[in-house]
2 protein chains.
Amino acid sequence: MIGPEIDRLIQLLAKLPGLGPRSARRVALHLIKRRDSLMLPLGEAVTAAAAGIRTCSVCGNLDSRDPCHICADGTRDGALLCVVEDVGDLWALERTGAYRGRYHVLGGTLSALDGVGPDDLSIPALLDRAARPEVGEVILALNATVGGQTTAHYLSDRLAGCGVRLSRLAHGVPVGGELDYLDDGTLTAALRSRRSL
Amino acid sequence: MIGPEIDRLIQLLAKLPGLGPRSARRVALHLIKRRDSLMLPLGEAVTAAAAGIRTCSVCGNLDSRDPCHICADGTRDGALLCVVEDVGDLWALERTGAYRGRYHVLGGTLSALDGVGPDDLSIPALLDRAARPEVGEVILALNATVGGQTTAHYLSDRLAGCGVRLSRLAHGVPVGGELDYLDDGTLTAALRSRRSL
């Protein structure tokens, strides 16, 4: 007989990705034992983020302002437009600190099986943005999966007439990776795209 | 450049057991995409539980009322007192539905190394409760770890003079378990405690 508040908390925690009923109970107990240091701040942070976060109407990023911090940042290079599938990919690129251009979040990949067509993704908006005079290069930073590559192929066809340079991320040996553990496809791509020293 | 609300949410999520920075980002994104169905209810549930949950002054259980639902339930058998290390163990026993007595949560195990003595656990309160005339049996349901067994040994010494029957959980083959995968200690215990058919 677990109390209703704790029961509801566990039920909701179990819906988070990577957590099941067992780990949800562990998290709930961990939270209750750290009421002031973790549980109250987390409750506030979740509620505040739920109330404040919106989708940027320009690029599709998630932020507390619209346009988002990146779109509103005048020091960003407007000539570079990086197309990603999801906001998580945008975060990953931002963490590198290696990119100072702007983004466009598609919101998924094309999939005939799941009935996802160009109009279900943010592709019309991308074509509009790419056609603007300030955009010089569109980087298709889609995942190296079937869905990602199909979408990249479709986009490169559609963007071919826009007069922008198109590029994609390089395939190759991951930094820190060992050749022996790499799949054949990656190794073949790394060999083909070898760089002269 | 991730917004401050999302950043704070990720920081706090990463402090949960079993989550690291990467899975915290995944959880945050999952939440933001399910604002109404999951994120707002979770924020409310965390805040409500943080505000409402307290430790039962009788048994040490966590509940929204004090004494807790189990201590306040008159249909529970007051002659049985089950001693557990932690609230998670109490939840595990309650899920079985096989126990209708009362509990006593110690709050940990004795540990000379970590400086945890009898007064740091809820042992004085346990001795008081066990000495009451209605209590007939104390079940030491402590973990089968070094700490749990040390504590069980200490408790059985202290409770020997109380005139209550002492018991512990059976050791043996887990239900559904295969002998080939069991450790030697468990198999030895199962053999020694074999039951005649």
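Here CD1 of Ile53(B) is found 8.0 Å from CG of Leu9(A). Values are rounded to the nearest 0.5 Å.
Using a 4.5 Å cut-off between non-hydrogen atoms, no part of residues 162-192 of chain B approaches chain A. Interface residues of residues 22-42 of chain B toward chain A, defined by a heavy-atom distance below 4.5 Å and sorted by number: Arg25(B), Arg26(B), Val27(B), Leu29(B), His30(B), Leu31(B), Ile32(B), Lys33(B), Arg35(B), Leu38(B), Met39(B), Leu40(B), Pro41(B), Leu42(B).
Taking 4.5 Å as the limit, every side-chain heavy atom of Val46(A) sits out of range of all side-chain heavy atoms of Val46(B).
In terms of hydrophobic clustering, with Ile, Leu, Val, Met, Phe, Trp and Tyr side chains grouped at heavy-atom distances under 4.5 Å, Val83(B) and Leu110(B) are assigned to a common cluster. Linking ILVMFWY side-chain heavy atoms closer than 4.5 Å, directly or via other members, places Val105(A) and Leu80(A) in a single hydrophobic cluster. In terms of hydrophobic clustering, with Ile, Leu, Val, Met, Phe, Trp and Tyr side chains grouped at heavy-atom distances under 4.5 Å, Ile70(A) and Leu62(A) are assigned to a common cluster. A continuous path of hydrophobic side-chain contacts links Val116(A) to Leu140(A) [ILVMFWY only; heavy atoms under 4.5 Å]. One hydrophobic cluster, built from ILVMFWY side chains closer than 4.5 Å, holds both Trp91(A) and Leu16(A).
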message: Between Thr47(A) and Glu44(B), is the side-chain contact (heavy atoms from CB on, under 4.5 Å) condition met? List the steps.
response: CA-CA 7 Å; Thr47(A) 305; Glu44(B) 280 162 22; 5.6 Å; no
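For chain B, the nearby part of Ile10(A) is the side chain; its heavy atoms alone come within less than 4.5 Å.
In terms of heavy-atom pairs under 4.5 angstrom with chain B, the leader among Cys68(A), Ala45(A), Gly18(A), Gly52(A) is Ala45(A). Across Thr55(B), Leu19(B), Asp86(B), the residue that shares the most heavy-atom pairs under 4.5 angstrom with chain A is Asp86(B).
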